[in-house]
Amino acid sequence: MMEIQDKMIYLCLAHMSESGAEQKFVKEAFDTNWVVPLGPNVNGFEDDLRAFVLAPQAPLNGGVEVVALSSGTAAVHLALLGCGVGPGDEVLVQSFTFCASSHPITYLGAKPVFVGSEPETWNMDPALLELAIEDRIAKTGRKPKAIVPVALYGMPYDAERIMAIARRYDIPVVEDAAEGFGSRFDGRVLGTFGKYGVLSFNGNKMITTSGGGALICHGDDEKNKIMWYATQARDAYPYYEHTAIGYNYRMSNVCAGIGRGQMTIVDDHIAHHKHVQALYEELLKDVKGVHIHKQPADERYDSNYWLVTATIDPDVKVAGQENAYKEVIKTAVGGAAGVIKAVESATTECQPNANVEALRVFMLEHKVEARPLWKPMHKQPVYAGSEVYTNGVEEALFEVGFCLPAGPYVTDDNVRYIVECIKEAISRR
């Protein structure tokens with residue numbers, strides 16, 4: 001086996017451009033004293049993003065606008081607000097996702113209704129979506145207020161079917177493309193199909209502004225409305241007059257400068273992730289019981305492969321499996337930051353199989369970060385009792401799935417080392 005690496009190999013960390021473009025834009029922000037949540041870099045970054053999402057699709061005729069914000073979560077929140085979501089409303093949201101897709105629904109006093117996944121893309125199942133719409137109308141007498149599909153790990157959702165269903169019932173779509181920056185469906189960038197499109201530039205995303213996000217919307221009126229809400233909803237008086245609750249959600253000029261530099265290398269980042277995905281596929285193709293998740297053969301799907309994801313068969317034994325879940329974890333695991341809440345039990349009623357947990361621990365001992373998949377939101381204690389429409393796909397995937405490093409710092413030699421670690425974990429059972 002290859003020699004153990006000196007440094008941790010992380011799942012995904014965006015890096016700065018070699019030209020130092022980020023430093024140039026950030027320096028300009030300080031030199032001109034634009035160290036605030038507005039300024040030339042914010043405007044320039046929004047223009048760069050708009051050009052990026054418009055480039056491959058002339059049919060939009062330039063109707064797309066972009067608002068730079070403090071986070072992807074803020075973008076989801078404002079998008080739902082723009083859809084008119086309020087207390088007591090229901091919003092259909094993909095269950096197989098990170099909590100930022102659903103938490104903002106609750107910020108507005110609304111209720112998430114979770115929709116399960118289709119087995120091929122792992123994203124929102126259009127058949128379950130329509131079933132959920134019909135059932136909610138029958139049971140409540142009201143249509144859900146919005147639909148939130150998610151580009152899980154960068155994989156495109158079936159935008160054609162989801163948008164057709166949304167049009168049929170006249171329900172706006174908020175595309176959560178936070179993990180899918182640059183992914184395309186039928187040649188068109190995700191985030192441009194629905195009423196709104198959510199982007200994220202957290203430190204682990206395809207490009208980063210250290211922390212930040214953006215909202216794709218259509219037309220100047222929509223952009224101005226979102227910007228108004230994002231800047232504390234101030235009315236046009238010489239003093240502070242408020243007729244609505246606003247938020248402090250605009251991106252800073254300094255962070256936007258980082259984003260402008262990152263936009264000079266975004267195509268390189270996407271190409272790298274696709275290359276890493278292909279290398280994993282090649283090196284693991286003969287490893288029995290381990291399966292790399294791939295995009296559908298349908299040429300309309302073009303994933304950025306933000307993270308490489310895989311499953312391991314339940315009957316595959318992994319070194320250390322007998323000790324899985326024996327000890328309570330006391331520190332943050334899997335990219336978590338800040339404070340975590342202590343727990344008394346090492347297990348929950350819905351968790352990855354013992355061999356998945358054993359593989360995570362084995363890889364960590366070999367300086368490789370490998371995480372479980374997102375735990376479905378309808379299985380989270382905070383959403384106990386929520387309505388859910390599922391066929392069990394996402395729960396089954398959570399039990400057997402895991403993520404592998406794929407970011408810009410991951411080299412071909414890193415991938416070979418990671419694959420050898422997986423082989424060793426299985427052979428040492």
Side-chain angles (χ1 to χ4, degrees), residues 5 7-17 22 45 49 52 68-76 96-104 122 150-155 176-183 190-191 197-214 251-252 254-256 258-277 280 293 303-310 331-340 360 363-364 367-375 401-411 414-415 418:
Q5 309 291 294
K7 297 181 180 180
M8 275 288 294
I9 304 174
Y10 292 98
L11 271 115
C12 184
L13 291 173
H15 64 62
M16 301 294 104
S17 62
E22 295 89 353
F45 187 39
L49 291 169
F52 179 80
L69 300 165
S70 58
S71 69
T73 309
V76 176
F96 205 12
T97 182
F98 180 55
C99 64
S101 305
S102 55
H103 281 3
W122 299 5
V150 181
L152 194 72
Y153 302 116
M155 186 67 67
D176 186 345
E179 299 172 9
F181 184 65
S183 295
L190 296 186
V198 172
L199 305 177
S200 173
F201 311 117
N202 194 21
N204 63 357
K205 293 301 190 293
M206 192 60 66
I207 64 168
T208 186
T209 58
S210 77
M251 180 179 285
S252 82
V254 175
C255 289
I258 298 173
R260 296 201 71 186
Q262 289 274 285
M263 288 301 291
T264 67
I265 54 174
V266 62
D267 290 334
D268 293 337
H269 279 201
I270 294 173
H272 174 81
H273 280 252
K274 291 181 177 181
H275 167 75
V276 168
Q277 166 76 19
Y280 273 118
H293 185 221
S303 175
N304 66 7
Y305 288 115
W306 172 59
L307 288 184
V308 172
T309 55
T331 58
V333 173
V339 176
I340 62 169
R360 181 192 70 80
M363 300 299 279
L364 191 62
K367 299 184 182 294
V368 178
E369 183 189 22
R371 300 183 202 166
L373 302 179
W374 297 127
K375 182 170 182 173
F402 58 98
C403 304
L404 291 170
Y409 284 112
V410 176
T411 67
N414 289 154
V415 175
I418 291 165

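For Gly212 against Met251, the heavy-atom pair with the smallest separation is CA-CE, 3.9 Å. Nearest heavy-atom pair across Thr209 and Cys255 is CB-O, 3.4 Å. Here the closest heavy-atom approach between residue Phe52 and residue Val266 is recorded as CE1-CG1, 3.9 Å. Nearest approach of Ala75 to Ala214, heavy atoms of both residues: CB-O, 3.5 Å. Between Ser183 and Gly154, the shortest heavy-atom distance links the atoms OG-O, 2.6 Å. Contact record, His293 with Trp122: NE2-NE1, 3.3 Å, taken as the closest heavy-atom pair.
Looking at heavy atoms from C-beta onward, Phe96 lies out of side-chain contact with Ser101 at the 4.5 angstrom threshold. Taking the side chain as every heavy atom from C-beta outward, Tyr10 and Val368 never approach each other to under 4.5 Å. Considering only heavy atoms from C-beta on, Cys403 stays 4.5 Å or farther from Val308 through its side chain. Side chains of Trp374 and Leu152 form a contact here, defined as non-hydrogen atoms less than 4.5 Å apart. Within the 4.5 Å cutoff, the side chain of Thr208 has no heavy atoms near those of the Asn202 side chain. By the 4.5 Å heavy-atom criterion applied to side chains, Glu179 and Lys205 are counted as neighbours. Looking at heavy atoms from C-beta onward, Ile258 lies in side-chain contact with Glu22 at the 4.5 angstrom threshold. Taking 4.5 Å as the limit, every side-chain heavy atom of Leu404 sits out of range of all side-chain heavy atoms of Leu11.
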Item to check | Chi angles and distances behind the side-chain contact (heavy atoms from CB on, under 4.5 Å) call for His272, Asp268 | outcome: CA-CA 6 Å; His272 174 81; Asp268 293 337; over 6 Å; no
Next on the checklist: Using side-chain contact (heavy atoms from CB on, under 4.5 Å), reason through Glu369 and Met8 one step at a time and then give a plain yes or no.
Outcome noted: CA-CA 7 Å; Glu369 183 189 22; Met8 275 288 294; 3.9 Å; yes
Item to check | Working for ring-ring contact (aromatic ring centres under 6.0 Å, His included), residues Phe201 and Phe181 | outcome: CA-CA 9 Å; Phe201 311 117; Phe181 184 65; 5.8 Å; yes
Next on the checklist: Does Phe402 form a side-chain contact (heavy atoms from CB on, under 4.5 Å) with Leu373? I'd like the steps, not just the answer.
Outcome noted: CA-CA 5 Å; Phe402 58 98; Leu373 302 179; 5.7 Å; no
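Rounded to the nearest 0.5 Å, atoms CZ (Arg260) and CG (Leu49) are 10.0 Å apart. Within the model, atoms CG of Asn414 and NZ of Lys367 stand 13.5 Å from one another, a figure rounded to the nearest 0.5 Å. Expressed to the nearest 0.5 Å, how far OH of Tyr305 lies from OH of Tyr280 amounts to 14.0 Å. Between atom CG of residue Leu13 and atom CD1 of residue Ile9 there is a gap of 12.0 Å, rounded to the nearest 0.5 Å.
Take Cys12 and apply the side-chain contact (heavy atoms from CB on, under 4.5 Å) test, not counting sequence neighbours, and it matches His273, Trp306, Leu307. Here His269 pairs with Ala14, His15, Met206, Ile207, Gln262, Ile265, Pro408 under the side-chain contact (heavy atoms from CB on, under 4.5 Å) rule; sequence neighbours left out.
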